[in-house]
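All remarks here apply to the structure that follows.
In this text the structure is predicted, and so the values were computed from the model without any measurement. Sequence positions, counted from 1, serve as the residue numbers for this chain.
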Amino acid sequence: MAKVMIVGANGQLGHELQRLLNEQEIAFDALTEKELDITDLDAVKAKIAELQPAVLYDCAAYTAVDKAEDEGKALNWLVNVDGTKNLAQVAAEQGVKLVYVSTDYIFDGTNKGEYLEDDPANPKNEYGRAKWAGEEAVRHSGTDYYIVRTSWVFGEFGHNFVFTMQNLAKTHDKLTVVNDQLGRPTWTRTLAEFMAHLVKTEAASGTYQLSNDNTATWYDFAKEILRDTDVEVAPVTSEQFPQKAYRPQHSVMNLDKAKATGYHILTWQEALKQFLLSIK
């Protein structure tokens with residue numbers, strides 16, 4: 001029986017993690033939301049008891065940030081809080097190590113430096129509030145855990161900024177992109193590798209922050225994505241591009257703790273380059 005279990009297997013990160021573990025020849029059981037509804041506590045108890053994993057990667061999340069403000073508000077809380085509580089409770093009861101993925105949106109984005117793991121949370125949108133409540137559920141569950149906060153995720157298996165820019169570039173000569181939100185892009189490959197690295201090296205339990213290195217605005221990121229095209233990318237302010245959910249202006253998370261585990265973190269420029277080559 002596989003000692004690794006993945007929930008949220010059909011998502012962007014879940015797909016990437018499966019590919020990585022296959023490469024590493026690590027056996028796993030991967031469950032989609034149809035195969036395991038994490039919001040059903042009895043179902044979670046039964047499935048974990050059946051599969052008896054040593055490690056549970058929680059890649060299940062509601063990530064529609066703007067919808068979470070209104071039409072998706074209840075589902076956001078149901079999946080990101082109640083579902084997480086269920087996984088953490090059962091992991092604690094059955095002695096399973098839990099790896100939970102969180103977000104830079106737990107911070108308000110007013111820190112002009114870098115956020116540390118234990119800096120106070122102050123989420124300003126519904127998605128961030130739910131993910132912070134999920135973090136707290138994991139911390140207080142009594143289970144052995146890794147919380148991995150990440151940001152600006154892109155990869156092969158899902159909707160993300162890279163694909164959005166590439167698709168828009170097919171039909172537009174000029175694109176305008178926000179240039180006053182600063183953060184760190186994250187390749188799903190980098191994130192999956194780090195999660196597996198924590199487990200493999202038996203790193204100290206607790207909260208980690210992981211993205212690719214160096215910082216960018218969305219404008220910087222878009223320019224790099226489209227550097228080999230003739231499309232003009234022009235900067236705009238957040239005020240010129242209003243969105244329903246609050247976006248942190250400056251959500252750069254410090255990576256020193258992640259680096260101290262011995263994992264080598266690629267810059268976002270190098271990660272993007274490798275990713276674009278991999279999907280050609």
Side-chain angles (χ1 to χ4, degrees), residues 10-20 22-24 59 63-66 101 103-105 109 114 148-197 209-243 245 247-255 258-259 263-280:
N10 53 342
Q12 182 166 235
L13 178 59
H15 273 299
E16 191 76 67
L17 189 57
Q18 289 176 74
R19 178 159 66 184
L20 176 70
N22 277 327
E23 287 174 15
Q24 296 180 347
C59 300
T63 58
V65 176
D66 288 313
V101 181
T103 172
D104 59 323
Y105 282 18
E114 295 183 355
V148 183
R149 291 186 193 134
T150 192
S151 57
W152 298 23
V153 176
F154 68 93
E156 184 177 344
F157 304 104
H159 300 293
N160 60 70
F161 187 74
V162 176
F163 289 154
T164 298
M165 289 299 103
Q166 288 181 325
N167 288 330
L168 287 171
K170 292 172 186 172
T171 54
H172 295 72
D173 297 325
K174 180 179 178 179
L175 297 173
T176 55
V177 184
V178 170
N179 195 35
D180 57 3
Q181 295 171 19
L182 192 74
R184 299 191 197 269
T186 309
W187 185 17
T188 47
R189 174 77 188 198
T190 300
L191 179 55
E193 283 181 357
F194 181 70
M195 292 162 67
H197 168 81
Q209 296 178 158
L210 190 282
S211 58
N212 288 107
D213 213 342
N214 292 349
T215 60
T217 65
W218 291 107
Y219 166 76
D220 297 329
F221 194 19
K223 287 270 286 186
E224 193 68 21
I225 293 163
L226 300 176
R227 65 181 300 175
D228 294 329
T229 72
D230 296 326
V231 176
E232 180 190 350
V233 182
V236 293
T237 66
S238 297
E239 284 183 353
Q240 292 170 278
F241 190 76
Q243 291 173 287
R247 299 304 201 271
Q249 291 290 108
H250 197 282
S251 61
V252 177
M253 296 188 292
N254 184 281
L255 304 176
K259 290 175 181 176
Y263 179 72
H264 173 69
I265 302 174
L266 295 175
T267 64
W268 69 262
Q269 292 94 332
E270 181 58 34
L272 177 64
K273 184 179 175 183
Q274 289 190 23
F275 168 61
L276 292 175
L277 283 171
S278 76
I279 59 171
K280 271 190 172 174

Under 3.5 Å: donor-acceptor pair, side chain of Ser151, backbone of Arg184: yes
Interatomic distance, Glu224 atom CD to Gln269 atom CD [nearest 0.5 angstrom]: 6.0 Å
Separation of Gln181 CD from Phe221 CZ (nearest 0.5 Å): 13.5 Å
Exam field: side chain Asn22 to backbone Arg19, donor-acceptor pair closer than 3.5 Å: no
Between CG on residue Leu17 and CZ on residue Arg189, distance to nearest 0.5 Å: 10.0 Å
Pair Leu13-Leu191, side chain to side chain contact (heavy atoms under 4.5 Å, CB included): steps then yes or no: CA-CA 8 Å; Leu13 178 59; Leu191 179 55; 3.8 Å; yes
Steps toward side chain to side chain contact (heavy atoms under 4.5 Å, CB included) verdict (Met195, Val101): CA-CA 9 Å; Met195 292 162 67; Val101 181; 3.8 Å; yes
Beyond-backbone contact of Thr190 with Phe194, side-chain heavy atoms, under 4.5 angstrom: no
Side chains of Lys223 and Asn179 in contact at under 4.5 Å (non-hydrogen atoms): no
4.5 Å side-chain heavy-atom contact, Ile279 and Phe163: yes
Donor-acceptor contact below 3.5 Å, side chain Thr176 vs main chain Ala234: no
Gln249 side chain to Asp180 backbone, donor-acceptor under 3.5 Å: yes
Gln209 side chain vs Arg149 backbone, donor-acceptor pair below 3.5 Å: no
Residue pair Gln12 / Glu16, side-chain donor-acceptor N/O under 3.5 Å: no
Heavy-atom pair with the smallest gap, counting every atom of Tyr219 and Val233: CE1-O, 3.3 Å
Enclosure of Glu23 CD (heavy-atom neighbours >12, cutoff 6.0 Å): yes
Trp152 and Phe161 aromatic centres sub-6.0 Å: no
Donor-acceptor pair between Thr217 and Asp220 side chains, under 3.5 angstrom: yes
salt_bridge(Asp66, Arg247) N-O dist < 4.0 Å: yes
Point-to-point distance, once rounded to the nearest 0.5 Å, from CG of Asn160 to OG1 of Thr186: 11.5 Å
Min side-chain heavy-atom separation Thr164-His159 under 4.5 Å: no
Side chain to side chain, Gln243 and Val65, heavy atoms closer than 4.5 Å: no
Atom pair CD (Glu114) and NE2 (His250), whose distance is rounded to the nearest 0.5 Å: 8.5 Å
Euclidean distance, Lys273 NZ relative to Trp187 CH2, rounded to 0.5 Å: 12.0 Å
Under 3.5 Å: donor-acceptor pair, side chain of Gln18, backbone of Gly14: yes
Nearest heavy atoms of Leu175 and His172, plus distance in Å: CD2-CB, 3.7 Å
Lys259, NZ: over 12 other non-hydrogen atoms inside 6.0 angstrom: yes
Thr188 to Gly155 - nearest heavy-atom pair and separation: OG1-CA, 3.4 Å
Leu272 side chain reached by Pro185 side chain, heavy atoms, under 4.5 Å: no
Closest non-hydrogen atom pair, Leu255 against Asn212: CD1-O, 4.0 Å
Flag if over 12 foreign heavy atoms under 6.0 Å of CG, Asn167: yes
pair Tyr263-Glu193: side-chain heavy atoms closer than 4.5 Å: yes
Distance-minimising heavy-atom pair for Ser211 and Thr150: CA-OG1, 4.5 Å
Test item: side-chain donor near acceptor, Gln240 and Thr237, under 3.5 Å: yes
Taking every non-hydrogen atom, the tightest pair across Ala196 and Leu20: CB-CD2, 4.0 Å
Side chain proximity check, Thr103 to Thr63, heavy atoms < 4.5 angstrom: no
Trp268 side chain vs Thr215 backbone, donor-acceptor pair below 3.5 Å: yes
Enclosure of Phe241 CZ (heavy-atom neighbours >12, cutoff 6.0 Å): no
